[in-house]
Amino acid sequence: MNSELTFKQGLIDTLPTVFGYIGIGIAFGMIGHSAGFSVGLIFLLSAIVYAGSAQFIMITMLATHSPILSIMLSVFLVNSRMILMSMTTASFFKEEKLLKNIVLGTLLTDESFALGMNKRNYTAGKLSFSWFNAANLIAYTIWALASVMGALLGRLLTDPRKLGLGFAVIAMFIGLMYLQLISDKTLGRALQLLIGITFILFYLGLIFIPENLLVLVVTLVACALGVGVKRVFF
């Protein structure tokens with residue numbers, strides 16, 4: 001990464017994350033195909049819903065004919081963390097028009113958010129619409145195409161777990177977290193390492209909290225701990 005915030009640089013900076021989108025997108029397409037969904041419907045789910053992990057929940061619930069309200073609530077709970085991420089991202093674009101903020105918020109993903117937070121370490125804490133829009137657009141495009149590819153490959157491979165594709169996004173997040181830790185010099189190392197608490201919270205949360213609520217609860221608790229520790233010790 002460098003300090004440039006152009007559209008072209010946004011594409012370049014996002015390229016390393018593409019493999020994560022491809023891996024999990026193909027896995028989604030394969031699972032969707034095995035659940036009986038057509039290639040066209042799988043594409044529409046990725047292009048319109050565009051909800052990552054929530055899409056896996058959707059196809060499972062749709063395949064079992066779950067009530068529509070249950071599906072809507074489940075997807076909302078799983079993706080409600082994006083509300084917090086969008087609020088954080090919006091603080092960098094206060095001078096931009098409302099429409100541009102809506103565009104960025106609509107296509108924001110966990111990966112582009114993490115990438116953006118890492119990018120600001122090289123730009124004196126600044127982000128541009130062009131750069132962030134490029135990161136979002138390439139993620140959106142690759143995700144939709146990978147879903148279609150997975151649906152087509154689903155005819156050949158019935159169990160995508162054999163390829164370990166589900167680990168692609170996990171590996172990508174580990175890489176992004178590492179880059180964030182080594183490049184962010186504005187906070188103390190001890191505060192940065194609090195990220196590890198998130199893993200512990202997830203592990204413990206799996207015992208007591210339903211998976212649909214776990215992401216939201218852990219996100220809120222981890223954010224609260226981070227803010228509290230920063231104010232008290234830093």
Side-chain angles (χ1 to χ4, degrees), residues 1-29 43 46-53 55 79 81-82 84-150 152-153 163-187 189 192 195 198:
M1 282 191 178
N2 55 39
S3 60
E4 292 186 28
L5 287 169
T6 61
F7 186 89
K8 180 180 178 180
Q9 188 61 42
L11 296 178
I12 295 173
D13 290 341
T14 310
L15 285 179
T17 69
V18 165
F19 298 102
Y21 293 115
I22 292 175
I24 200 67
I26 289 177
F28 170 72
F43 169 76
S46 291
I48 298 176
V49 179
Y50 190 47
S53 58
Q55 289 181 214
N79 267 37
R81 68 191 184 282
M82 303 308 298
L84 298 174
M85 293 183 187
S86 296
M87 291 172 63
T88 301
T89 304
S91 64
F92 295 95
F93 303 98
K94 295 179 180 178
E95 304 301 323
E96 298 288 353
K97 295 181 179 179
L98 177 61
L99 180 59
K100 288 186 175 181
N101 277 274
I102 292 175
V103 170
L104 292 180
T106 300
L107 298 181
L108 184 67
T109 66
D110 298 288
E111 295 83 359
S112 62
F113 174 80
L115 195 66
M117 295 304 101
N118 188 43
K119 178 68 175 182
R120 65 189 178 87
N121 296 318
Y122 301 85
T123 61
K126 297 180 180 179
L127 294 173
S128 72
F129 173 80
S130 297
W131 182 91
F132 218 112
N133 192 42
N136 280 344
L137 286 177
I138 192 171
Y140 178 73
T141 303
I142 296 300
W143 172 256
L145 293 177
S147 298
V148 172
M149 186 185 304
L152 295 174
L153 291 175
L163 296 179
L165 295 176
F167 187 72
V169 170
I170 298 174
M172 179 176 63
F173 274 119
I174 291 174
L176 289 172
M177 184 183 70
Y178 172 74
L179 291 174
Q180 178 75 8
L181 289 174
I182 65 174
S183 60
D184 193 345
K185 307 301 182 182
T186 62
L187 300 175
R189 185 68 64 184
Q192 292 177 331
I195 297 174
T198 305

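Keep in mind the model is a prediction, meaning the values are calculated, not measured. Starting from 1, each residue takes its place in the sequence as its number. Every heavy atom of this structure was used, including side-chain atoms; hydrogens, water molecules and symmetry mates were not.
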CZ (Phe93) with more than 12 external heavy atoms under 6.0 Å: yes

Heavy-atom pair with the smallest gap, counting every atom of [X] and [Y]:
X: Arg120; Y: Phe92; result: CD-CZ, 3.7 Å
X: Ser46; Y: Ala144; result: CB-CA, 4.1 Å
X: Thr123; Y: Ser3; result: CG2-O, 3.5 Å

Please examine the side chains of [Y] and [X], heavy atoms only from C-beta on, and report whether any two atoms are closer than 4.5 Å.
X: Asn2; Y: Lys119; value: yes
X: Ser112; Y: Asn136; value: yes
X: Phe132; Y: Leu108; value: yes
X: Thr109; Y: Tyr140; value: no
X: Ile24; Y: Gln55; value: no
X: Phe7; Y: Leu11; value: yes

Plane angle bin for Trp143 and Phe28 - parallel if under 30°, tilted between 30 and 60°, otherwise perpendicular: parallel

Expected output: side-chain Gln9 to main-chain Leu5 donor-acceptor under 3.5 Å: no

Does Thr141 reach the main-chain N or O of Ile138 with its side chain, forming a donor-acceptor pair under 3.5 Å? no

Set of residues satisfying side chain to side chain donor-acceptor pair (under 3.5 Å) with respect to Ser128, sequence neighbours excluded: none

Between Thr14 and Thr17, does the side chain to side chain donor-acceptor pair (under 3.5 Å) criterion hold? Intermediate values first, please. CA-CA 6 Å; Thr14 310; Thr17 69; 5.4 Å; no

Quick one: list whatever passes salt bridge (Lys or Arg N to Asp or Glu O under 4.0 Å) with Glu4, sequence neighbours left out. none

Qualifying residues under salt bridge (Lys or Arg N to Asp or Glu O under 4.0 Å), relative to Lys8, sequence neighbours excluded: none

